[in-house]
Amino acid sequence: MRGKPLVGRSVVVTRPAHQAQVFARLVSGAGGRAILFPAIEICDIEDPGPFVRLVDRLDEFDLAIFVSPNAVERAMGLIRGRRAFPPRLRVATVGGGSVRALERFGITGVLAPQGRFDSEALADLPELAAMSGRRVVIFRGAGGRDLLGELLRSRGAAVEYAECYRRVRPNIDSAPLLLAWSRKGVDAITVTSSESLRNFAEMIGPAGRERLLKTPVFVPHPRIAEAAHGLQVRRVIVTGPGDEGMLAGLVAYFGAQR
């Protein structure tokens with residue numbers, strides 16, 4: 001149907017519940033049905049003490065890096081409840097969603113890569129090439145990747161991590177999803193992180209994993225595609241970044257089948 005390229009298609013959305021609504025509306029606007037099945041949940045850190053103590057020292061840093069929109073929302077909410085964000089502190093992040101989240105907190109002039117949105121792309125920016133003597137704080141979830149911090153340390157920076165949230169696997173009944181799947185009511189799975197993919201595979205159990213292997217999985221980054229291939233998923237489609245990139249990938253894939 002013209003203007004409704006996803007009509008008749010059901011798309012599972014695995015991103016956290018509080019972040020799924022915008023993409024779900026895009027899927028619906030394209031004629032599809034969004035099935036919300038969050039495979040990751042964002043929770044408060046268990047011990048906020050280390051984070052609070054670091055926030056009290058924010059004026060000591062030259063650069064603050066936020067690794068995701070979740071890092072922005074959680075960190076800035078906690079920071080604003082305690083103090084003003086230092087006006088001279090340079091801010092960097094990895095993607096457009098995080099830039100927009102920072103703008104909502106009044107932080108502009110954010111350093112961010114264009115075209116490719118990951119830690120490697122941020123580290124490739126010329127502004128981060130010479131880091132000797134600079135102090136960097138990285139706002140992230142508990143147990144996040146160390147790659148960016150290690151790269152900056154290799155360039156002479158002093159790096160500290162500010163962990164401001166936890167990622168946990170939700171406790172959700174998968175029976176309704178599995179029933180829909182058995183009735184051919186699932187046409188695609190969208191996944192935005194390797195961790196949510198692993199959680200999803202655990203949450204749907206052995207019967208669901210058999211179906212997962214045969215269902216197209218749409219991901220925004222080659223690293224997540226590698227994780228999907230590691231689970232033996234047969235059809236993995238790497239889309240552009242963000243909600244718009246994911247939607248465009250779905251439209252192109254299913255449009256080619258008409």
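Scope of the values below: all heavy atoms of this structure, side chains included, with no hydrogens, waters or symmetry mates.
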Review point. Side-chain contact, heavy-atom cut-off 4.5 Å: Phe85 with Leu102?
Key: no

Exercise for review: Report yes if the side chains of Ile35 and Val11 come closer than 4.5 Å at any heavy-atom pair, otherwise no.
Suggested key: no

**Study point:** Heavy-atom side-chain contact between Arg33 and Val27 under 4.5 Å
**Key:** no

Review point. Which of parallel (below 30°), tilted (30 to 60°) and perpendicular (above 60°) describes Phe200 and Trp181?
Key: tilted

Check your understanding: Hey, any chance Val91 and Val94 share a hydrophobic cluster, counting ILVMFWY side chains that come within less than 4.5 Å of each other, even indirectly?
Key -> no

Check your understanding: What's the shortest heavy-atom distance between Leu250 and Thr190, and which atoms?
Key -> CD1-CG2, 4.1 Å

Review point. Is Asp44 salt-bridged to Arg74, going by a charged N under 4.0 Å from an acidic O?
Key: yes

Point to revise | Lys/Arg-Asp/Glu bridge criterion (N-O < 4.0 Å) met for Arg57, Glu60 | key: yes

Review point. What is the minimum heavy-atom distance between Val238 and Pro220, and which atoms define it?
Key: CG1-C, 4.3 Å

Exercise for review: State which residues pass salt bridge (Lys or Arg N to Asp or Glu O under 4.0 Å) with Arg153; sequence neighbours excluded, sorted by chain then number.
Suggested key: none

Point to revise | Ion pair check, Glu41 and Arg166, cut-off under 4.0 Å | key: no

Point to revise | Option passing side-chain hydrogen bond (donor to acceptor under 3.5 Å, both in side chains) with Asn70 (candidates His18, Arg140, Arg167) | key: His18

Practice item. Could you label the plane-to-plane angle of the Phe66 and Phe139 rings as parallel, tilted or perpendicular, counting under 30° as parallel and over 60° as perpendicular? Key: parallel

Check your understanding: Looking at Arg169 and Glu195, does any basic side-chain N land under 4.0 Å from a carboxylate oxygen?
Key -> no

Review point. Are Ile204 and Leu178 side-chain neighbours, meaning at least one heavy-atom pair lies under 4.5 Å?
Key: yes

Check your understanding: What pair of heavy atoms forms the shortest contact from Val233 to Thr215, and how long is it?
Key -> CG1-O, 4.1 Å

**Study point:** Check: Leu63 and Val137 side chains under 4.5 Å, non-hydrogen atoms
**Key:** no

Review point. Any sub-3.5 Å donor-acceptor pair from Ser28's side-chain atoms to Arg25's backbone N or O?
Key: no

Point to revise | Cluster overlap Leu148 with Leu111, hydrophobic side-chain contacts below 4.5 Å | key: yes

Review point. Looking at side-chain heavy atoms only, is the closest gap between Asp187 and Phe254 below 4.5 Å?
Key: yes

Check your understanding: Where is the tightest heavy-atom contact between Pro170 and Pro38, given as atom of each residue plus distance?
Key -> CG-O, 3.3 Å

Practice item. Identify whether NZ of Lys or CZ of Arg in Arg15 sits under 6.0 Å from the centre of the six-membered ring of Phe23 and within 45° of that ring's axis. Key: yes

Review point. Are any non-hydrogen side-chain atoms of Pro216 and Tyr253 less than 4.5 angstrom apart?
Key: yes

Revision key, fill the gap. Here the pair of heavy atoms bringing Ala71 nearest to Val67 is CB-N, 4.0 Å

Check your understanding: Can you name the nearest heavy-atom pair linking Thr14 to Val191, along with the distance?
Key -> OG1-CA, 3.5 Å

Point to revise | Phe37 vs Met203 side-chain heavy atoms within contact, under 4.5 Å | key: yes

Point to revise | Partner of Asp59 by salt bridge (charged side-chain N to carboxylate O under 4.0 Å, His left out), out of Arg83, Arg88, Arg135 | key: Arg83

